[in-house]
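What follows is a set of notes on a single structure, which appears directly below.
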Amino acid sequence: MHGPVGTAGRIADLGRREEQALVGGGVRRRGEFGARERIERLVDKGSFSETGLFVRARPTGDGDRRPYGDGVVTGYGTVDGRRVCVFAQDSSVFGGSMGEAFGEKTVALMDLALKTGCPVIGLNDSGGARIQEGVASLALYAELVRRNVQASGVIPQISVVLGPCAGGAAYSPAITDFTVMVDGASHMFVTGPDVIEAVTGERATAEELGGARTSNAVNGNAHFLAADEEDALDTVRDLLAYLPANNLERPPEYAPGGAPAGDGLDSVVPDRLGQAYDMREVLRAVVDDGELLEVQELFAPNIICALVRVEGQSVGVVANQPLHAAGVLDIDASEKAARFVRFCDAFGIPLLTFADVPGYLSGVRQERGGIIRRGAKLLYAYAEATVPKVTVVVRKAYGGGYAVMGSKHLGADINLAWPTARIAVMGAEGAVGVLHRRELAAADDPEALRARLVATYERTHGTPYLAAERGYVDAVIAPRDTRDHICHALRALRGKRAPLPQRRHGNIPL
């Protein structure tokens with residue numbers, strides 16, 4: 001069969017091929033939008049340039065069905081004028097499963113993102129490995145994960161799960177920095193419900209096993225829960241606005257936002273120690289326009305991790321949340337915060353810590369679950385971080401909780417405390433019980449003696465002033481002045497340098 005003749009014929013042939021390639025596999029199988037529609041809704045209008053349009057699936061079986069694109073759309077564009085690389089898996093082609101050509105296109109896009117130093121965003125909607133292509137599909141999953149690891153800490157990586165993401169496909173999002181899932185539509189698990197039931201006899205729906213809510217609230221595999229696909233893409237745009245393009249650039253800078261009124265902070269902490277309050281009230285009173293982009297909001301709610309702006313600059317916030325378990329540090333909270341601290345450090349985002357922590361959670365379940373090893377991750381993350389670190393002790397800072405929540409001893413640069421701060425090994429009641437056990441047992445009126453001893457302990461150890469005397473706290477400040485002190489500290493630390501000893505890498509207790 002003769003090919004097209006002449007320039008006009010070749011151009012017409014190009015048009016026919018483009019039309020055929022853009023059709024994909026036909027009608028989409030699931031989701032609100034097709035792969036290209038998703039990309040167009042994410043990036044700035046008219047900015048997307050597709051790569052690998054004419055890449056074709058490898059021959060399998062009779063070799064007849066070899067669609068262009070091979071089930072993934074790849075390319076580059078801009079979001080709010082800033083360059084990004086994007087891939088979108090197309091469920092209308094082989095169910096979005098990864099074949100050899102599919103994998104090679106995705107890996108090539110990752111290589112492009114690394115070479116040009118821009119974020120990479122993956123829109124995942126895949127049936128997993130393409131069975132008919134055998135080991136080639138598995139090899140490309142491993143190649144993709146290797147690129148994820150090479151890119152880690154170099155360029156931001158964001159995964160959006162818009163359908164199934166199962167088996168080997170789930171491990172790439174697990175390595176990326178942030179994962180967004182859509183409520184009721186996204187599923188992410190290693191093994192599906194049918195296989196689990198056949199192997200173990202356990203029954204669970206896909207939603208229970210790895211749905212968006214399970215992944216956000218129970219196992220912590222995801223970072224953001226979106227109401228629908230549009231909301232998921234909006235979340236990606238919001239997230240990118242806080243992040244630098246790569247680890248060699250500063251995060252984007254904006255005009256300073258409005259300064260919330262801080263007068264209410266003087267009364268936000270209840271007089272009674274055991275009474276809870278919402279740490280978000282404190283945060284909203286000190287960040288620009290009172291805006292927080294919370295990360296893993298539904299997981300380990302006893303600690304808050306959020307991206308904010310202070311005087312137009314991106315800042316990462318880690319704060320104990322007294323509304324949940326008194327803000328105690330447990331396994332989930334430690335790992336959530338450690339991952340966030342390390343991300344901020346990798347991309348030059350200053351860290352702002354608000355401490356109100358009774359310590360690490362005790363109990364048989366936590367000990368057997370590895371609270372020592374897993375709680376140590378947060379210690380490691382803070383000690384390793386070299387970005388500017390500012391800490392505010394709001395109320396309790398007891399025991400190991402004091403040390404880990406951005407203390408001077410782990411390398412914090414500026415440490416502030418409110419007059420309501422209690423920095424001690426433990427609370428007054430517990431300390432008196434340990435220190436004066438025999439005296440209390442022999443007293444005629446042990447309750448009256450206990451009350452006097454507790455009051456004495458509170459006057460001495462239940463304040464921030466012993467820590468301030470030793471220089472562990474740089475200033476004790478009125479709560480209403482917190483934003484001003486934070487702004488001054490971050491300005492002073494803008495040029496911070498903290499060289500580290502030469503090494504391959506540390507050995508974080510994984």
Side-chain angles (χ1 to χ4, degrees), residues 28-32 71 89-92 94-98 122-131 137-138 141-142 144-145 148 158-229 231-232 235 294-303 324-325 330-336 339 361 363-371 373-374 510:
R28 67 175 180 271
R29 294 181 57 175
R30 55 185 167 258
E32 296 178 59
Q89 297 167 349
D90 187 351
S91 64
S92 72
F94 297 125
S97 61
M98 180 184 278
L123 308 181
N124 296 268
D125 185 359
S126 170
R130 192 172 301 166
I131 297 172
S137 175
L138 302 179
Y141 270 127
L144 177 57
V145 166
N148 290 138
I158 302 172
S159 297
V160 188
V161 180
L162 299 167
C165 186
Y171 284 106
S172 177
I175 295 172
T176 61
D177 299 307
F178 300 101
T179 299
V180 184
M181 296 182 73
V182 177
D183 197 10
S186 307
H187 301 99
M188 189 163 59
F189 38 66
V190 174
T191 309
D194 294 340
V195 176
I196 286 179
E197 184 176 358
V199 174
T200 70
E202 297 173 292
R203 292 186 177 182
T205 65
E207 191 66 29
E208 292 168 337
L209 196 61
R213 287 194 175 272
T214 298
S215 298
N216 272 272
V218 180
N219 57 40
N221 288 335
H223 301 81
F224 299 97
L225 178 67
D228 52 32
E229 292 193 8
D231 187 33
T235 299
E294 284 198 50
V295 177
Q296 291 186 299
E297 180 178 359
L298 301 179
F299 181 69
N302 40 317
I303 200 159
H324 296 276
D330 57 10
I331 287 170
D332 287 345
S334 297
E335 293 189 332
K336 168 183 171 178
R339 171 86 169 160
L361 182 61
V364 174
R365 182 176 295 180
Q366 288 286 307
E367 295 291 350
R368 289 182 174 177
I371 184 64
R373 169 177 55 85
R374 297 163 77 178
L510 297 173

Inter-residue atom distance Leu225.CG - Ser186.OG, 0.5 Å rounding: 8.5 Å
Which atom of Asn124 lies closest to which atom of Gln89, heavy atoms considered: CA-OE1, 3.2 Å
Considering all heavy atoms, the nearest Gly163-Asp125 contact: CA-OD1, 3.6 Å
Closest heavy-atom pair and its distance - Ser137, Arg130: OG-N, 3.2 Å
Gap between atom CG of Leu162 and atom OG of Ser91 - 0.5 Å precision: 10.0 Å
Side-chain touch Leu144/Met98, heavy atoms, less than 4.5 angstrom: yes
Interatomic distance, Arg203 atom CZ to Leu209 atom CG [nearest 0.5 angstrom]: 14.5 Å
Taking every non-hydrogen atom, the tightest pair across Ser126 and Tyr141: OG-OH, 4.1 Å
Spatial distance of atom CD1 (Ile158) from atom OG1 (Thr176) [nearest 0.5 Å]: 8.5 Å
Worked verdict on Val145 versus Ile175 for side chain to side chain contact (heavy atoms under 4.5 Å, CB included): CA-CA 8 Å; Val145 166; Ile175 295 172; 3.4 Å; yes
Whether over 12 other heavy atoms sit under 6.0 Å from Arg373 CZ: yes
Residues, nucleotides or ligands: over 12 heavy atoms within 6.0 Å of Arg213 CZ: no
Spacing of Leu510 atom CG and Glu335 atom CD [to the nearest 0.5 Å]: 9.5 Å
Any donor-acceptor pair under 3.5 Å from Arg374 side chain to Gly369 backbone: yes
Aromatic plane relationship, Phe178 with His223 - under 30° parallel, 30 to 60° tilted, over 60° perpendicular: perpendicular
Backbone N/O of Ile331 and side chain of Gln366: donor-acceptor pair under 3.5 Å: yes
Residue pair Pro173 / Ala170: nearest heavy atoms and the distance that separates them: CD-O, 3.4 Å
Spatial distance of atom OG1 (Thr214) from atom CG (Asn221) [nearest 0.5 Å]: 10.0 Å
Closest non-hydrogen atom pair between Gly220 and Gln296, with its separation: O-NE2, 2.9 Å
Candidate pair Val161 and Thr179, rule side chain to side chain contact (heavy atoms under 4.5 Å, CB included), full reasoning: CA-CA 7 Å; Val161 180; Thr179 299; 4.0 Å; yes
Backbone N/O of Phe224 and side chain of Asn216: donor-acceptor pair under 3.5 Å: yes
Heavy-atom check, side chain of Val218 versus side chain of Phe299, under 4.5 Å: no
